[in-house]
Amino acid sequence: MKFYEDIIIRPIMSEKSVQQQEELYKYTFEVLPDANKIDIRKAVEKIFGVKVRKVRVQNYLGRKVLRRARRVRVPGRTKNWKKAIVTLAPGQEIDFFKDVR
């Protein structure tokens, strides 16, 4: 059983995502790779107390990298991750910085 707090890893705060928050009521989160749209919708509604209209997800493969291990370059990958773009109902808003002073 997954807990709602475990599904959402962190909000993604890039220039594009902040602009979408202000204009289109779209919020971007990094979520668990095995979470589905229904899990993400329920987690956002429960944690932030808002009404979700739509959820879109994008899966990202890890990049290929060369790591150094004892003076030898070893090929590897960064971790795979999933991004969720959540559209809220008009008038709904999430304030990530409400406790910051």
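Each residue takes its place number in the sequence, starting with 1. Keep in mind it's a predicted model, so treat the numbers as computed, not measured.
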In terms of heavy-atom contacts, does CD of Glu15 have more than 12 from other residues, nucleotides or ligands at under 6.0 Å? no
In terms of heavy-atom contacts, Gln92 and Lys51 come closest through OE1-N, 3.3 Å
Between Val74 and Leu66, is a side chain to side chain contact (heavy atoms under 4.5 Å, CB included) present by the stated rule, with each step listed?
-> CA-CA 5 Å; Val74 179; Leu66 288 175; over 6 Å; no
Expected output: side-chain Asn80 to main-chain Gly62 donor-acceptor under 3.5 Å: yes
Arg68 meets the salt bridge (charged side-chain N to carboxylate O under 4.0 Å, His left out) criterion, sequence neighbours left out, with none
Minimal heavy-atom distance between Arg67 and Arg77, with the atoms involved, is NH2-O, 3.0 Å
Crowding at NZ, Lys42 (>12 non-hydrogen neighbours, <6.0 Å): no
Salt bridge (charged side-chain N to carboxylate O under 4.0 Å, His left out) filter on Glu93, not counting sequence neighbours, yields none
Checklist entry - Taking C-beta and beyond as the side chain, do Ile40 and Ile7 meet within less than 4.5 Å on heavy atoms? => result yes
Residues passing the side chain to side chain contact (heavy atoms under 4.5 Å, CB included) test with Asp95, sequence neighbours excluded, are Phe97, Lys98
**Asked** Hey, is the main chain of Arg53 close enough, under 3.5 Å, to the side chain of Thr87 for a donor-acceptor pair?
**Response** no
Query - Any donor-acceptor pair under 3.5 Å from Lys46 side chain to Tyr4 backbone - result: no
Contacts of Ser17 meeting side chain to side chain donor-acceptor pair (under 3.5 Å) (sequence neighbours excluded), chain-then-number -> Ser14
Between side-chain atoms of residues 18-33 and protein atoms elsewhere (two or more places apart, or another chain), which donor-acceptor pairs fall under 3.5 Å?
unit_1, atom_1, unit_2, atom_2, d
Tyr27, OH, Ile94, N, 3.2
Glu30, OE1, Arg10, NE, 2.7
Glu30, OE1, Arg10, NH2, 3.3

* Quick one: are Val55 and Ile85 in side-chain contact, heavy atoms under 4.5 Å? -> no
Using a 4.5 Å side-chain heavy-atom cut-off and chaining through intermediate ILVMFWY residues, the residues clustered with Tyr60 come out as Ile12, Trp81
